[in-house]
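In what follows, a single structure is set out as structure tokens and then discussed.
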Amino acid sequence: MKRGHLTRTDRRGLLLVAVAFVVLALLLWHRGGTHDGQALAPMTAADSAEMARFAAEVEADKARRAAERQGAGRSDSATALRPFDPNTADSATMVSLGMRPWQAHNAMQYRRAGGRWRQPDDFARLYGLSDAEFQRLRPYIRIVPTADEVQSAARRTERQARADSIRALRSPKYAEGTTISLNAADTTALKGIPGIGSYYAAKICRYRERLGGFVSTAQLREVGGLPEGIERWFVIDAGETPRRIAINRATFQTLVRHPYLNYTQTLAIVRYRQKYGDLHGWDDLRLTGHFPDDSVRMMAPYFTFEK
């Protein structure tokens with residue numbers, strides 16, 4: 001809209017106000033003037049009530065239009081972002097997260113038609129949701145699988161693991177006593193270990209990437225489903241250091257994706273930075289009440305407090 005031009009909604013509001021004043025003036029003239037030299041009766045209580053009701057409707061319409069304009073241009077900071085499942089959240093929850101009412105309505109329509117978002121990135125396809133709006137909501141989307149989806153995923157994992165085990169038995173394997181670099185081994189090298197096939201080799205690599213690198217072979221226990229005693233096949237090369245995150249500069253999304261930080265801890269870090277500025281050490285985190293000593297020990301190799 002060009003500066004100095006009124007929108008259609010603004011023109012409608014001004015017209016209502018003008019009509020209200022014209023009606024009021026006519027009633028006052030009619031009730032307080034004369035007719036054929038005869039003084040007319042003053043405005044009755046019913047007339048006054050009618051005028052008050054009309055004026056209230058005009059004010060309510062103005063307030064509603066002002067709220068619509070404010071809602072259309074509100075900033076992200078005006079909304080309370082928090083985790084939500086788009087498959088179960090009601091329309092009021094979606095609006096409170098910053099979505100427009102018609103966007104929330106589209107989501108409800110999609111669900112009523114039998115639609116379901118199976119992973120967070122699927123929500124980007126919601127009709128009318130811009131990429132910028134999706135990126136703002138993406139870190140907070142939590143898809144809770146249904147019982148059928150959990151069972152189906154378990155069956156797929158079981159089938160994949162069984163197939164991998166069969167392939168592993170047929171593939172050449174390392175002799176007992178062989179060790180390989182845990183941080184440098186690719187999926188081909190990992191599949192040389194007895195009991196490790198394509199599925200678990202890829203799983204180890206994905207976890208290593210999210211973690212930033214292993215600092216101990218014991219961390220392999222955090223990768224579910226691996227054979228017992230798998231650590232004996234690996235070594236951490238001397239001088240290897242993991243990828244580290246600057247805790248005072250990292251975004252919420254970067255922090256929450258790390259395996260050693262949950263949503264509550266990430267939120268505590270961000271809120272501390274907003275309220276007090278940079279964190280200076282682990283003691284600052286302990287003061288938040290969300291970082292016990294065992295959590296700090298796990299995090300220490302992966303985070304720095306540099307400016």
Side-chain angles (χ1 to χ4, degrees), residues 76-77 79-85 88-89 93 96-97 119-120 136-145 150 153-154 157 181-183 200 202-307:
D76 293 348
S77 61
T79 60
L81 289 173
R82 59 193 182 281
F84 75 104
D85 184 347
T88 57
T93 297
S96 73
L97 293 166
Q119 55 187 3
R136 183 176 62 83
L137 294 171
R138 173 63 177 81
Y140 303 93
I141 298 175
R142 304 289 187 270
I143 303 295
V144 179
V150 171
T157 299
S181 171
L182 181 54
N183 284 315
Y200 286 114
K203 195 172 183 180
I204 291 171
C205 289
R206 284 195 301 269
Y207 189 74
R208 182 176 64 196
E209 175 59 27
R210 287 183 58 212
L211 193 62
F214 292 98
V215 296
S216 168
T217 57
Q219 290 173 289
L220 283 167
R221 299 168 193 165
E222 299 163 13
V223 182
L226 296 181
E228 190 70 26
I230 195 72
E231 298 94 340
R232 73 183 187 277
W233 296 96
F234 297 99
V235 294
I236 305 292
D237 292 337
E240 285 187 335
T241 57
R243 184 176 68 251
R244 308 185 78 187
I245 297 173
I247 206 166
N248 287 312
R249 298 291 172 262
T251 64
F252 183 98
Q253 291 88 340
T254 298
L255 293 171
V256 80
R257 287 171 183 156
H258 196 278
Y260 290 166
L261 279 177
N262 58 36
Y263 175 83
T264 300
Q265 290 172 323
T266 303
L267 193 61
I269 292 172
V270 172
R271 285 179 173 171
Y272 185 101
R273 293 186 328 200
Q274 291 173 342
K275 188 172 182 179
Y276 302 109
D278 287 348
L279 292 140
H280 297 94
W282 297 108
D283 287 341
D284 289 343
L285 286 179
R286 289 187 178 96
L287 290 174
T288 67
H290 298 290
F291 293 88
D293 289 342
D294 57 344
S295 180
V296 169
R297 281 194 295 271
M298 292 171 63
M299 291 173 57
Y302 298 99
F303 297 90
T304 69
F305 296 88
E306 62 188 26
K307 307 299 182 184

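Looking at residues two or more places apart in sequence or on another chain, you find a side-chain contact (heavy atoms from CB on, under 4.5 Å) between Q119 and D122. For the side-chain contact (heavy atoms from CB on, under 4.5 Å) test, residues two or more places apart in sequence or in another chain that qualify with Y276 are Y272. Listed by chain and number, the residues in a salt bridge (charged side-chain N to carboxylate O under 4.0 Å, His left out) with D293 are R286 (sequence neighbours excluded). When the salt bridge (charged side-chain N to carboxylate O under 4.0 Å, His left out) test is applied to R249, the partners found at least two apart in sequence or on another chain are D278.
Within the 4.5 Å cutoff, the side chain of T88 has no heavy atoms near those of the V144 side chain. Residues F234 and S181 form no side-chain contact, since every pair of their non-hydrogen atoms from C-beta on lies 4.5 Å or further apart. A heavy-atom distance below 4.5 Å is found between the side chains of I236 and N183. With contacts defined as side-chain heavy-atom distances shorter than 4.5 Å, the pair T251/V270 does not qualify. Contact annotation: the side chain of L261 approaches that of F291 to within less than 4.5 Å [non-hydrogen atoms, C-beta and beyond]. Residues L255 and I269 are in side-chain contact: their nearest non-hydrogen atoms beyond the backbone lie under 4.5 Å apart. A 4.5 Å side-chain heavy-atom check between I230 and Y200 finds every atom pair outside the cut-off.
The salt bridge (charged side-chain N to carboxylate O under 4.0 Å, His left out) analysis of residues 257-268, with sequence neighbours excluded, yields no pairs. Pairs of residues two or more places apart, or lying in two chains, that qualify as side-chain hydrogen bond (donor to acceptor under 3.5 Å, both in side chains) and include a residue from residues 205-222 are Y207-E222, Q219-Y260, Q219-Y302, R221-E231, E222-Y260.
Residues V215 and P242 come closest through the heavy atom pair CG1-CG, 3.6 Å. Of all non-hydrogen atoms in H258 and I245, the two that sit nearest each other are CD2-CD1, 4.0 Å. When all heavy atoms of L81 and Y263 are compared, the pair lying nearest together is O-OH, 4.1 Å. Taking every heavy atom of both residues into account, W282 and A300 meet most closely at CZ2-CA, 3.5 Å.
Here the side chain of K203 pairs a donor or acceptor atom with the backbone of G224 at under 3.5 angstrom. Although no hydrogens or angles enter the test, the distance criterion places no donor-acceptor pair under 3.5 Å between the side chain of R244 and the main chain of T241. Put simply, the side chain of D237 never gets that close to the backbone of E240: no donor and acceptor are under 3.5 Å apart. Remark: the backbone N or O of L279 is not paired with any side-chain donor or acceptor of D284 at under 3.5 angstrom. Judged by distance alone, the side chain of T157 and the main-chain N or O of A153 form a donor-acceptor pair under 3.5 Å. No donor-acceptor pair under 3.5 Å is formed between the side chain of H290 and the backbone N or O of T264.
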Test log, rule side-chain contact (heavy atoms from CB on, under 4.5 Å), inputs L182 and L220: CA-CA 9 Å; L182 181 54; L220 283 167; 3.9 Å; yes

Worked check of side-chain contact (heavy atoms from CB on, under 4.5 Å) between L137 and L97: CA-CA 8 Å; L137 294 171; L97 293 166; 4.2 Å; yes

From CA spacing to verdict: side-chain contact (heavy atoms from CB on, under 4.5 Å), V256, Q265: CA-CA 8 Å; V256 80; Q265 290 172 323; over 6 Å; no

Verdict with supporting geometry, L285 and L287, side-chain contact (heavy atoms from CB on, under 4.5 Å): CA-CA 5 Å; L285 286 179; L287 290 174; over 6 Å; no

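To the nearest 0.5 Å, atom CZ of residue R142 and atom CZ of residue R82 are 13.0 Å apart.
Side chains of T93 and S96: no donor on one and acceptor on the other come within 3.5 Å. In summary, the side chains of T288 and R271 do not present any donor paired with an acceptor at a separation below 3.5 Å, with no hydrogens or angles considered.
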